[in-house]
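Presented below is the structure to which this report refers.
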Amino acid sequence: MEPKRLYKSRTNRVLCGVCGGIGEYLNIDPTIIRLLFVLLGCTVTGLIAYLVAAIIIPEQM
């Protein structure tokens, strides 16, 4: 069995596919992840975390 890998989603994306990919990886609704990122986005740390994730997480093949 191949280990689970985290990718940015190609099908479930709004901006970069980060929240969709995290939602697929954790098997939860990506809307929940998006809401958490919106709450974190009110801080500079949340914005930096999203930008870093958008750069580091690879695209889904």
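We use all heavy atoms of the structure for the numbers below, so side chains are in, but hydrogens, waters and symmetry mates are not.
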- Item | Minimal non-hydrogen separation, Ser9 against Glu24, with atom names | OG-OE2, 3.0 Å

- Locate the shortest heavy-atom distance separating Cys19 from Pro30; write the atom from each residue and the value.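 Nearest pair, atom of Cys19 first, then Pro30: O-CB, 3.9 Å.
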
- Message: Applying a strict under-4.5 Å side-chain criterion to I, L, V, M, F, W and Y, I'd like to know whether Ile28 and Tyr25 cluster together.
- Response: yes

- Do Leu40 and Val18 share a hydrophobic cluster (ILVMFWY, side-chain heavy atoms under 4.5 Å, transitive)?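 Shared cluster, no.
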
- For residues 33-51, pull every pair meeting salt bridge (charged side-chain N to carboxylate O under 4.0 Å, His left out), keeping only residues two or more places apart or in separate chains. none

- Query: Atom CD1 of Ile32 and atom CD1 of Ile22: how far apart are they, to the nearest 0.5 Å?
  - Reply: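 Going from CD1 on Ile32 over to CD1 on Ile22, the span is 13.0 Å.
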
- Gap separating the CG atom of Leu15 from the NZ atom of Lys8, nearest 0.5 angstrom: 11.0 Å

- Message: Once ring pair (Phe, Tyr, Trp, His ring centres under 6.0 Å) is applied, what residue pairs with a partner in residues 1-23 remain, sequence neighbours excluded?
- Response: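 Listed once each, the pairs would be none.
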
Solution key, residues 45-61 side-chain donor-acceptor pairs under 3.5 Å, sequence neighbours excluded:
from: Glu59; atom 1: OE1; to: Arg13; atom 2: NH2; distance (Å): 3.2
from: Glu59; atom 1: OE2; to: Arg13; atom 2: NH2; distance (Å): 3.0
from: Gln60; atom 1: OE1; to: Arg10; atom 2: N; distance (Å): 3.3

